[in-house]
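Heads up: the structure comes next, in structure tokens.
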Amino acid sequence: MYASQWFLTLFTAKFPLCMVFHIIDLLLCEGLNIIFHVALALLKTSKEDLLQADFEGALKFFRVQLPKRYRAEENARRLMEQACNIKVPIKKLKKYEKEYQTMRESQLQQEDPMDRYKRENRRLQEASMRLEQENDDLAHELVTSKIALRNDLDQAEDKADVLNKELLLTKQRLVETEDEKRKQEEETAQLKEVFRKQLEKAEYEIKKTTAIIAEYKQICSQLSTRLEKQQAASKEELEVVKGKMMACKHCSDIFSKEGALKLAATSREDQGIETDDEKDSLKKQLREMELELAQTKLQLVEAKCKIQELEHQRGALMNEIQAAKNSWFSKTLNSIKTATGTQPLQPAPVTQPPKEST
């Protein structure tokens, strides 16, 4: 009538929260026995009121008056102290237990055997029905488990078949990829050999051209030195001739200091035939040297053009080699990806080796 509500709600149904907080603190600290201690403390503090009241008055006291008494926090704290100080002797509890068992046995002996058997039969029937229900539940669960297990097994077998097919397909692709890789390696080796030969040829031509350029430069430097020497010698001879002519009184009258003739055209033609021949020979030599210098410069320009052409061919060969390396690397990477199954196999185009440049 009263204790079940206390125990099921931990005194929260009727009593104030300040008291409930203390009870929960003690419950967490001391354990479940504190609930019985609090109940005994409530009964002990209300002993006189309960003995004076009848049954209805006692129930009303538990429902109304008792919770109002502990609205004050001081009363709640005093009740908790009293509950903690209550000591229940174990011997007394054992004595009460024995008395209860004795009373229970006497009641059973005084009871009619037929009623006892009926009650026992009813209890056994209830137990049998409960066991049958449990058996049915277990059988249903077993059948359901078998069906689920069979479905899982079928799915696993289907998945295994799919995986086996994929494995066979992957092995086939791996074999094809290895064959293609071997072919590409052979093509790469051929390309490397062709490029190596072309590179050696280009290096040989570059060395040859470099030697020719060095020879041309040496010849040009020799010709330039020779021309400078001849120009210097011509200037010295001209200065010597001028000095001799100026030293001569007759010649100084004919030529001025700047080398111009003072006589008329008729006397100049008569007396300057030898000088004109000498000048013509000098001019002829000068023209020959200029022509030789022009030819040397033309050869030098042609050599430079040829060097540029060879460098252009060398750059083109290096670009072709780099492109072939990149193509081979991309094909190899694509083959590896296809073998591992990350992407579908794509047939790589067959690269033709570049033709040798003439």
Side-chain angles (χ1 to χ4, degrees), residues 181-245 258-259 274-335 348-358:
K181 181 182 177 182
R182 186 169 58 254
K183 292 179 181 179
Q184 290 179 355
E185 287 178 352
E186 292 176 358
E187 291 177 0
T188 306
Q190 293 176 0
L191 289 174
K192 285 183 178 179
E193 184 67 22
V194 171
F195 290 152
R196 187 181 62 78
K197 291 180 180 179
Q198 291 182 357
L199 185 60
E200 290 178 355
K201 185 177 179 181
E203 289 178 353
Y204 174 75
E205 291 180 355
I206 290 172
K207 291 180 180 179
K208 186 176 179 181
T209 307
T210 305
I212 293 171
I213 292 170
E215 292 177 359
Y216 285 161
K217 287 182 179 179
Q218 186 178 1
I219 292 170
C220 291
S221 62
Q222 291 177 0
L223 291 174
S224 299
T225 305
R226 183 179 174 184
L227 180 61
E228 290 176 357
K229 289 181 179 179
Q230 289 182 358
Q231 288 179 354
S234 299
K235 287 182 179 180
E236 291 178 357
E237 290 178 358
L238 186 60
E239 291 295 332
V240 171
V241 171
K242 283 184 178 181
K244 289 181 178 181
M245 290 176 66
E258 290 79 7
E274 295 180 358
T275 306
D276 292 337
D277 294 336
E278 187 177 358
K279 286 182 179 181
D280 291 337
S281 63
L282 290 174
K283 286 180 179 180
K284 186 176 181 180
Q285 291 179 2
L286 185 60
R287 281 197 299 272
E288 290 176 356
M289 292 177 67
E290 288 177 354
L291 181 60
E292 188 177 358
L293 180 61
Q295 290 177 355
T296 305
K297 289 182 178 180
L298 181 60
Q299 292 176 358
L300 180 60
V301 172
E302 290 177 353
K304 288 182 179 180
C305 292
K306 193 170 183 181
I307 290 171
Q308 290 179 357
E309 184 179 357
L310 291 174
E311 288 179 353
H312 179 69
Q313 291 179 0
R314 181 174 175 271
L317 288 175
M318 294 300 292
N319 291 331
E320 290 178 358
I321 293 171
Q322 187 65 30
K325 287 183 180 179
N326 294 334
S327 175
W328 175 80
F329 180 74
S330 62
K331 290 177 184 176
T332 305
L333 185 60
N334 188 14
S335 300
V350 179
T351 57
Q352 296 293 335
K355 297 181 179 179
E356 295 185 359
S357 59
T358 58

ask   = Looking at CD of Glu185 and NZ of Lys192, how far apart are the two atoms once the value is rounded to the nearest 0.5 Å?
value = 9.0 Å
task = Mind checking the NZ-CD spacing from Lys304 to Gln308? Nearest 0.5 Å is all I need.
result = 9.0 Å
remark   = Tested for side-chain hydrogen bond (donor to acceptor under 3.5 Å, both in side chains) against Glu200, the lone hit among Lys197, Gln198, Arg196 is Arg196
Nearest-0.5 Å distance that lies between atom CD1 in Ile321 and atom CG in Leu191 = 10.0 Å
key: Sub-4.5 Å side-chain heavy-atom contact between Arg287 and Leu291   = no
request  = Taking the side chain as every heavy atom from C-beta outward, state whether Glu205 and Gln313 have any pair of such atoms under 4.5 Å apart.
outcome  = yes
key: side-chain contact (heavy atoms from CB on, under 4.5 Å) between Leu293 and Met289, worked out   = CA-CA 6 Å; Leu293 180 61; Met289 292 177 67; over 6 Å; no
Would you give me the side-chain donor-acceptor pairs under 3.5 Å for residues 219-227, sequence neighbours excluded?
{"from": "Ser221", "atom 1": "OG", "to": "Lys217", "atom 2": "O", "distance (Å)": "3.2"}
{"from": "Ser221", "atom 1": "OG", "to": "Gln218", "atom 2": "O", "distance (Å)": "2.6"}
{"from": "Ser224", "atom 1": "OG", "to": "Cys220", "atom 2": "O", "distance (Å)": "2.8"}
{"from": "Thr225", "atom 1": "OG1", "to": "Ser221", "atom 2": "O", "distance (Å)": "2.7"}

Point-to-point distance, once rounded to the nearest 0.5 Å, from CD1 of Ile206 to CG of Leu310 = 6.5 Å
query = Below 4.5 Å, heavy atoms only, C-beta onward: do Lys306 and Glu302 meet side chain to side chain?
reply = no
inquiry  = As an exercise, state the distance from CD of Gln295 to CD of Gln299, rounded to the nearest 0.5 Å.
reply    = 7.0 Å
message = Using 0.5 Å steps for rounding, measure from the CZ atom of Phe195 to the OG1 atom of Thr188.
response = 10.0 Å
